[in-house]
> 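Quick one: this structure, given as structure tokens, is what I'll be asking you about.
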Amino acid sequence: MAEQLIDGFGRKITYVRLSVTDRCDFRCVYCMSENMTFLPRQQVLSLEEIETIARAFTEMGVTKIRLTGGEPLVRKDVLQLFSSVGALPGLKDFCLTTNGSQLRRYAEHLKASGLKRLNISLDTLDPVRFERLARKNRLDQVLDGISAAKDAGFEKIKLNAVILKGRNDDEIVPLVDYARDMQVDISFIEEMPLGDISEHDRAETFCSSDDIRQQIDQVYPLMATAENSGGPARYWRMQDSESRIGFISPHSHNFCGDCNRVRVTVEGKLLLCLGNENAVDLKAILRRYPGEIDRVKDAIRQAMNVKPERHHFTTDGDVQIVRFMNMTGG
Ligand code: SAM
Ligand code: SF4
């Protein structure tokens, strides 16, 4: 019988998020500092090493892989990786999280490589605000990228919006309107305390999923659904649209009980939980025993025993985890 990864709390691990780069063409205020120092190339997994890790997981029952970053599409030659991961036997769901800036160039190639679902980040529809939040003046490029993804015909496209009180919380309904017009889904994400950023005080900008949902509900009455895309979002529907609205709320709702996923950082650290420091160094194994996939699989199997039961985020703005989101792969 085919192998299945199961952790110490009986949860089946079927979903892996792989970070393919820590670099990015944006500097979103909730994710990075303005002057980021990126990792030296030697410390970053090669595309071949990432592919070996992806293969190891799919040979152990993982059916869903998401490539993320940093901005995955700024890594040189990354399309090769999409083709090789897209061709792995056993993979049922292949997804990408992107800021959308390169989609006009790559959407068709990505579709051809077997990528099914795209999450595209979009926090505002106002170019001035976009520049304040992403620290780059690229709203038009992103909107054009979203259109390119629509034209390429992906199975599912979902927008991701991080909402910060006083910054873009008056754009919640306009963002829903945009998702409805484009016939895509949208998820609202509570800001997570990842990385020690100085641009704003997270305790002041925190905006809960419940607040966001209430704002939308006043315009578009929302119906709860039991739908699940295999990730942490809870979905709601509007009466008159196919677009679903998701909420990712690590603070307000504990989604750890049915956690089915692990992450691999761009440095090859297997992170068993976004909110804990437990990690296993897969890069060390790959560099010591190049191409020996069985050793990687053994390390992953053993790691299942130390996956923590739950995360420990709080809303008081304390940074419990000093990794930046671009390193862990959001
Ligand atoms: N660059 C791509 C993008 O922006 O979609 C992929 C990587 S990014 C780290 C993945 C997701 O994490 C994005 O939707 C981003 O908005 C979100 N994100 C980044 N930092 C966050 C934080 N501190 N709290 C919550 N979400 C965050
Ligand atoms: Fe880059 Fe994505 Fe982080 Fe923004 S959220 S800085 S686009 S990695």
Side-chain angles (χ1 to χ4, degrees), residues 17-36 38-39 66-75 78 95-103 106 110 117-124 130-139 141-142 145-146 149 157-165 167-168 175 185-203 205-209 212 231-233 246-252 255 263-266 271 274-275 311 313-315 317-330:
R17 302 171 70 111
L18 296 170
S19 178
V20 307
T21 178
D22 60 331
R23 286 161 201 258
C24 187
D25 48 348
F26 296 176
R27 295 286 182 277
C28 302
V29 294
Y30 45 75
C31 177
M32 293 193 185
S33 64
E34 190 153 18
N35 304 305
M36 287 290 284
F38 295 106
L39 292 165
R66 175 177 300 283
L67 299 185
T68 179
E71 175 47 41
L73 299 182
V74 300
R75 179 153 181 181
V78 78
C95 330
L96 163 69
T97 304
T98 174
N99 66 21
S101 70
Q102 309 302 312
L103 283 175
Y106 291 147
L110 293 171
R117 294 202 278 153
L118 275 184
N119 285 4
I120 309 173
S121 297
L122 182 70
D123 304 327
T124 174
F130 188 96
E131 186 165 5
R132 286 197 193 126
L133 287 169
R135 298 191 180 106
K136 301 279 169 186
N137 179 8
R138 302 273 184 78
L139 176 65
Q141 195 179 330
V142 171
I146 296 171
I157 299 176
K158 185 176 72 141
L159 305 176
N160 276 343
V162 177
I163 299 296
L164 306 184
K165 202 167 260 167
R167 303 290 291 263
N168 63 344
L175 284 165
D185 293 342
I186 182 163
S187 276
F188 291 95
I189 309 176
E190 287 175 357
E191 186 180 14
M192 289 181 248
L194 292 168
D196 191 2
I197 53 157
S198 56
E199 198 263 353
H200 58 278
D201 179 348
R202 283 179 166 141
T205 52
F206 180 70
C207 192
S208 80
S209 290
I212 299 170
F247 296 94
I248 302 177
S249 355
H251 297 293
S252 357
F255 53 60
R263 294 163 197 265
V264 180
T265 72
V266 69
L271 296 183
L274 186 56
H311 69 67
F313 290 141
T314 65
T315 53
D318 279 1
V319 184
Q320 291 120 3
I321 306 293
V322 279
R323 292 185 306 257
F324 283 89
M325 196 71 162
N326 67 310
M327 310 269 295
T328 56

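Each residue takes its place number in the sequence, starting with 1. For ligands, and for the atoms within them, numbers begin at 1 and follow the listed sequence.
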> To check you understand the geometry: which heavy-atom pair defines the closest contact between Ser187 and Lys158, and what is its length?
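Minimum heavy-atom separation between Ser187 and Lys158: OG-NZ, 3.1 Å.
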
> Below 4.0 Å from ligand 2: does a non-hydrogen atom of Ser121 turn up there or not?
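No; Ser121 lies far enough from ligand 2 that no heavy-atom distance drops under 4.0 Å.
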
> Closest heavy-atom contact between Glu34 and Arg135?
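Heavy atoms only, the tightest pair is N-NH1, 3.6 Å.
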
> Report, in ascending order of atom number, the atoms of ligand 1 lying under 4.0 Å from any heavy atom of Glu190.
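Within the 4.0 Å cut-off of Glu190, ligand 1 contributes 25 (C).
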
> Can you list the ligand 2 atoms lying under 4.0 Å from a non-hydrogen atom of Gly70?
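This gives 8 (S) as the contact atoms.
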
> List ligand 1 atoms under 4.0 Å from Thr98, heavy atoms only on the residue side.
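Contacts of ligand 1 toward Thr98, numbered from 1: 2 (C), 3 (C), 5 (O).
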
> Using every non-hydrogen atom in the two residues, find where Val74 and Arg23 come nearest and quote the distance to one decimal.
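Looking at all heavy atoms of both residues, the shortest contact is CG2-O, 3.9 Å.
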
> Which atom pair, heavy atoms only, marks the closest approach of Ile120 to Gly100?
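Closest approach of Ile120 to Gly100: CG2-CA, 3.9 Å.
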
> Any atoms of ligand 1 less than 4.0 Å from a non-hydrogen atom of Val162? List them with their elements.
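Matching atoms, with element in brackets: 16 (O), 26 (N).
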
> Working to the nearest 0.5 angstrom, can you tell me the gap between Thr124 OG1 and Phe130 CZ?
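Reported value, rounded in 0.5 Å steps: 8.5 Å.
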
> Could you tell me whether Asp123 and Arg167 have a side-chain N and a carboxylate O separated by less than 4.0 Å?
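Salt bridge: no.
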
> For the CZ atom on Arg132, are there more than 12 heavy atoms of other groups (residues, nucleotides or ligands in this structure) within a distance under 6.0 Å?
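No, because the 6.0 Å sphere around CZ of Arg132 holds 12 heavy atoms or fewer from other groups.
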
> With only distance considered, is Tyr30 within less than 3.5 Å of ligand 1 through an N or O on each side?
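Yes, Tyr30 has an N/O under 3.5 Å of an N/O on ligand 1.
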
> Indicate, as side chain, backbone, both or neither, the part of Ile120 found under 4.0 angstrom from ligand 1 when only non-hydrogen atoms are considered.
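It is neither part, as no heavy atom is under 4.0 Å.
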
> At a 4.0 Å threshold, what atoms of ligand 1 neighbour a non-hydrogen atom of Gly70?
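The list of qualifying atoms is 1 (N), 2 (C), 6 (C), 7 (C).
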
> Does the shortest distance from atom 1 (Fe) of ligand 2 to an N/O/S atom of Cys31 fall below 2.8 Å?
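No, since none of the N, O or S atoms of Cys31 sits under 2.8 Å from atom 1 (Fe) of ligand 2.
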
> Heavy atoms, side chains only, cut-off 4.5 Å: are Phe26 and Val142 in contact?
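The answer is yes; the side chains approach within 4.5 Å.
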
> Quick one: does Ile189 get an N or O within less than 3.5 Å of an N or O on ligand 1?
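Among all N and O atoms of Ile189, none is under 3.5 Å from an N or O of ligand 1.
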
> Do Thr21 and Glu71 have side-chain atoms, one donor and one acceptor, less than 3.5 Å apart?
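Looking only at side-chain atoms, Glu71 and Thr21 do not form any donor-acceptor pair under 3.5 Å.
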
> Need the ligand 1 atom indices (1-based, order shown) with element for anything under 4.0 Å from a heavy-atom of Thr97.
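Those qualifying, in numeric order: 2 (C), 5 (O), 6 (C), 10 (C).
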
> For the 3.5 Å polar cut-off, considering only N or O atoms, please tell me whether Glu191 and ligand 1 meet it.
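No: no nitrogen or oxygen of Glu191 is under 3.5 Å from one in ligand 1.
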
> Which residue in the set Leu164, Val162, Ile212 passes side-chain contact (heavy atoms from CB on, under 4.5 Å) when paired with Cys207?
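Checked Leu164, Val162, Ile212 against Cys207; only one passes side-chain contact (heavy atoms from CB on, under 4.5 Å): Ile212.
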
> Return yes when Ser19 approaches ligand 1 closer than 4.0 angstrom through a heavy atom, no otherwise.
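Ser19 does not count as a contact of ligand 1 under the 4.0 Å cut-off.
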
> Between atom CG of Leu73 and atom SG of Cys24, what is the distance when rounded to the nearest 0.5 Å?
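Leu73 atom CG to Cys24 atom SG measures 10.0 Å (nearest 0.5 Å).
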
> Can you tell me if, anywhere in Cys28, an N/O/S atom lies at a distance from atom 4 (Fe) of ligand 2 that is smaller than 2.8 Å?
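Given the 2.8 Å cut-off, Cys28 counts as a ligand of atom 4 (Fe) of ligand 2.
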
> Can you name the atoms of ligand 1, numbered from 1 with element, that are less than 4.0 Å from a heavy atom of Asn160?
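Those qualifying, in numeric order: 14 (O).
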
> Using a 4.0 Å cutoff against the non-hydrogen atoms of Thr68, which atoms of ligand 1 qualify?
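Those qualifying, in numeric order: 6 (C), 7 (C).
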
> Minimum distance, heavy atoms only, to atom 5 (O) of ligand 1: which one of Gly69, Ser121, Ala134, Cys31 is it?
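Result: the heavy atom closest to atom 5 (O) of ligand 1 is in Ser121.
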
> Heavy atoms only: which of Ala134, Ser19, Cys24 is nearest to atom 2 (Fe) of ligand 2?
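It is Cys24 that holds the nearest heavy atom.
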
> Any nitrogen or oxygen of Asn119, main chain or side chain, under 3.5 Å from a nitrogen or oxygen of ligand 1?
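No, since none of the N or O atoms of Asn119 sits under 3.5 Å from an N or O of ligand 1.
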
